Student: 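I'd like to ask you about the structure that follows.
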Amino acid sequence: MSTCIQIRGKESLKVHVSEWMLDLWRPGYLFKLALAFVVLGCLWALLPPRAAAWGRNGHRLVVNKAIETLPERLPQGFREFFEANRGFLLQHVTDPLDAISKTSAERRNHFILLEKYGRFPFEALPREYKSAVVKFTKPKLDANGLLPWQIGVYSKKLTEALKDGKWEEAKLDAAILANYVAEAHDPFNTTDNFDGRLSGQPGVNERFGTALIDRYSSFFPMRPNDAIFINDPTDRAFEACLSSHSWLENILLADRHARHGENSFNDEYYDRFYNQAAAILIRQLSDAATDVGSFWFTAWKNAGSPQLPH
């Protein structure tokens, strides 16, 4: 509905204005509108941020160990390429974390809410992206996270860069791929209970994936396996997410036990949490390093095993 008002100046002019526009001139309306925006802003701020739970030190630890998984003495200089670019990889493996702060769309590449697709092992969700879109629609997939498919995308990007001899591009793709592969090994990137809000344990993701690493990583006996060829990168990414998801209840239980009798997350709490959850944490980081090396190795093999500069 609109109303015709007349504005007088040098000429008489009639303007059709919607009723909601006239409301702007009514007493108190602008105040109510501003208050509504403030309330919405506060509600948005209270929503848990969906970002990566592994901290920067965790990602760098995984990359360092991943290089050690690569096969030695290949005539094409494969491992030497990654060793020579270790500093670059350590610097840029966290680029996707920085990208989250610049574009909200990047967040969906760091998680997948598996519970949205039924029960473990979530067979209702097709692993082939086009089939998943047909079944669930693109908006739903975006909302529930794209992590395993993003790993498949960057595995292909790295393959193409190596095949075309674009070494600078390959280095960056390898670092970004390492980030996403590591994310798939963080149990909290596979669940709607990312920040512990559904189980009454807010911040458990940060305590497990960042604080424990920052506090105790110098004691980690990480022993990743040798890198191997992966037949289907996207399928392997899904398997990594499923394996990670299976550890969630154990971690949540360890957090509850560690908090028992404590009023804050003090040194005593972290010592208890580490003692109960360290085996899972070290296993996940070690498996992440193995998979990162395997994804690099697979991309190189699929590119035709080119001679690499170093």
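Computed from a predicted model, the values in this text were never measured in an experiment. For reference, positions follow the sequence shown, starting with 1.
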Student: So, Asn193 versus Ser199: side-chain donor-acceptor pair below 3.5 Å or not?
Tutor: yes

Student: To the nearest 0.5 Å, how far apart are NZ in Lys140 and NZ in Lys116?
Tutor: 8.0 Å

Student: Taking all heavy atoms of Leu177 and all of Trp296, pick out the closest pair and write down the distance.
Tutor: CD2-CD1, 4.3 Å

Student: Does Arg223 have more than 12 heavy atoms from other residues, nucleotides or ligands lying within 6.0 Å of its CZ?
Tutor: no

Student: If I compare all heavy atoms of Leu70 with all of Ala227, which pair ends up nearest, and what's the gap?
Tutor: CD2-CB, 4.3 Å

Student: Can you name the one residue among Phe81, Phe82, Phe78 that meets ring pair (Phe, Tyr, Trp, His ring centres under 6.0 Å) with Phe297?
Tutor: Phe78

Student: How far apart are the closest heavy atoms of Leu125 and Trp149, and which atoms are they?
Tutor: CD1-CH2, 3.9 Å

Student: Under 4.0 Å between a Lys/Arg side-chain N and an Asp/Glu carboxylate O for Glu268 and Arg272?
Tutor: yes

Student: For the pair Glu106 and Lys102, find out whether any cationic side-chain nitrogen is under 4.0 Å from an anionic carboxylate oxygen.
Tutor: no

Student: Is the NZ or CZ atom of Arg259 positioned over Tyr269's six-membered ring, under 6.0 angstrom from the centre and within 45° of the axis?
Tutor: no

Student: Answer with yes or no whether the side chains of Glu183 and His110 bring together a donor and an acceptor at under 3.5 Å.
Tutor: yes

Student: Side-chain contact, heavy-atom cut-off 4.5 Å: Leu146 with Phe111?
Tutor: no

Student: Does NZ or CZ of Lys171 fall inside the cone over Phe88's six-membered ring, less than 6.0 Å from its centre and within 45° of the axis?
Tutor: yes

Student: Going by atom types alone, do Asn205 and Asp195 pair a side-chain donor with an acceptor below 3.5 Å?
Tutor: no

